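Here the structure comes first, spelled out in structure tokens, and everything after it is commentary.
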Protein chains: 2
Amino acid sequence: MGEHGGRTRRRGGELLAAIHAAVLEEVVEVGVGRLTMEGIGRRAATPRTTLYRRWSDPIDVLLDALYHSHPVEEPTPGADDLRGDLIRALQLMVTWTLSPAGRAVAAILTDPKGAPKVSEALFERVFANKGGTFTSTVLRHYAERGHFPADLLTPVVADIGEALVTKRLLDGAPPTDADLADIVDQAILPAIGLGPCRATP
Amino acid sequence: MGEHGGRTRRRGGELLAAIHAAVLEEVVEVGVGRLTMEGIGRRAATPRTTLYRRWSDPIDVLLDALYHSHPVEEPTPGADDLRGDLIRALQLMVTWTLSPAGRAVAAILTDPKGAPKVSEALFERVFANKGGTFTSTVLRHYAERGHFPADLLTPVVADIGEALVTKRLLDGAPPTDADLADIVDQAILPAIGLGPCRATP
DNA sequence: ATGATAAGCTACAGAAATGTAGCTAATACT
DNA sequence: AGTATTAGCTACATTTCTGTAGCTTATCAT
């Protein structure tokens, strides 16, 4: 059917998608704190009354949008390329974080008021316990196959990559592929004993 | 009339301090987005009109409070204890980040709307270009004295400690001293060639 | 074609915050 | 003590968002 021309009124899925896109844009722009039915409706070009027919408040709309967004892709370690797999895992993280849903999640998690109601729902649905699991999936895979001593894979080490990428993103400078390679070479690999090494105290 | 003490009305510095404390508490609780003259005045127990006599909007009050807050303490590397100095640098970071001013700064930096006006003022005043300089001050000190190769002190390596601490704080679990020691031992020291080392590719 | 469904529109009363103004009264300075 | 500051109080017209309601009409299904 013709997207536009005959139809003057959106319905069902088409309208829903427009509203979902609107909340995600809105939350990135104004933050969870300033999210309003007004703002969402304005951005989606639909009256507030339409929103109230389906949801009770702006947070409800937001959670629904996140629920319907694409899930986080999981890194799939290949055969014998620890370094490459780590870089790819961080690329996945960056890609998702810069997506509308990712940016929305970031806005939610850093919001002081959103803690109780929203965060729980987030971890149950969007993350499905995959939060911060980008590099550790890869690391566990190679540790189990003896590429490095498994006892070096501590909670701290499992977080190094995500932490550094997060810091770059917070600084407003999304890491390039070269930055990711540096993170892997200069921080992660040394921590599991596979890096520059000059002395062992 | 006076229930306790003689004075029933705060003036000058006393009132100012109460207002400054109020904004910092307020911004941590509701975020920059929901910061209002109303809220600040309510928390400081002063009418809005008093606030308008001095500042034009909530952001103005906030910036003034940050300007009058204690500056970030700088790490002062000792003689011959790289590990201990790194841990102390991270302790400084944690202490400041958990202070009212630190929590307020975090709220500001993670707010989507605060970018243009606030962030610039922040880096000029509160940080004075010391942001994220906790461990790198220490690292530079020891690199210059030959404790480890200076070429290993890359931008990535200089950020490892701060990044991991930030991640813990974002996760809502302020790192203990033992956590900080783990970060130093398992992430920072290996990256400068002073850690567990089993193979050199 | 025809009726059911659901979106668009308008209106309204209430809450909360804004910015301004004018008055009162407590505190500080000389 | 007398005076200048300056905080506290009250009021008011605006603005923005909230929920709710009732009516109109485009779109879909049969």
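Convention: sequence-line order gives letters A, B, ...; per-chain numbering from 1. Since we're looking at a predicted model, the values are computed, not measured.
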Side chains of A:His141 and A:Arg145 in contact at under 4.5 Å (non-hydrogen atoms):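 Sidechains of A:Arg145 and A:His141: in contact.
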Taking atom [atom2] of [N] as reference, at what distance in whole Å does atom [atom1] of [X] sit?
X       : N      : atom1 : atom2 : result
A:Glu38 : C:dA11 : CD    : C1'   : 14 Å
A:Leu51 : D:dT18 : CG    : P     : 10 Å
B:Tyr52 : C:dA21 : OH    : C1'   : 14 Å
B:Ile19 : D:dT6  : CD1   : P     : 14 Å
B:Leu35 : C:dA16 : CG    : P     : 18 Å
B:Arg48 : D:dC12 : CZ    : C1'   : 11 Å
A:Arg34 : C:dA17 : CZ    : C1'   : 13 Å
B:Trp55 : D:dA7  : CH2   : C1'   : 12 Å

Does [Y] offer a backbone N or O that forms a donor-acceptor pair with the side chain of [X] under 3.5 Å?
X        : Y        : answer
A:Asp85  : A:Gly78  : yes
A:Asp179 : A:Thr176 : yes
A:Asp60  : A:Trp55  : no

Using the rule side chain to side chain contact (heavy atoms under 4.5 Å, CB included), only one of A:Asp64, A:Leu51, A:Leu24 pairs with A:Ile19; which is it?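 Result for side chain to side chain contact (heavy atoms under 4.5 Å, CB included) with A:Ile19: A:Leu51.
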Only one of B:Leu164, B:Val138, B:Val184, B:Thr95 passes side chain to side chain contact (heavy atoms under 4.5 Å, CB included) with B:Leu90; say which it is.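 That would be B:Val184.
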Checking side-chain polar atoms at under 3.5 Å, does B:Asp80 have a donor or acceptor matched by the opposite partner on B:His147?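 B:His147 and B:Asp80 do have a side-chain donor-acceptor pair below 3.5 Å.
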Enter the inter-axis angle for the ends of the helix from C:dA1-D:dT30 to C:dT30-D:dA1 (five pairs per end, rounded to 10°).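 Rounded to the nearest 10 degrees, the bend comes out at 30°.
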Surrounding CZ of B:Arg103 (heavy atoms of other residues, nucleotides or ligands, distance under 6.0 Å), is the total greater than 12?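 No.
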Roughly how far apart are B:Glu38 CD and B:Arg48 CZ, rounded to 0.5 Å?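 Here the interatomic distance stands at 5.0 Å.
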Readout for nucleotides 3-10 of chain C: B = base within 4.0 Å of protein heavy atom, S = sugar-phosphate only, - = neither; 5' to 3' it is --BSBBBB
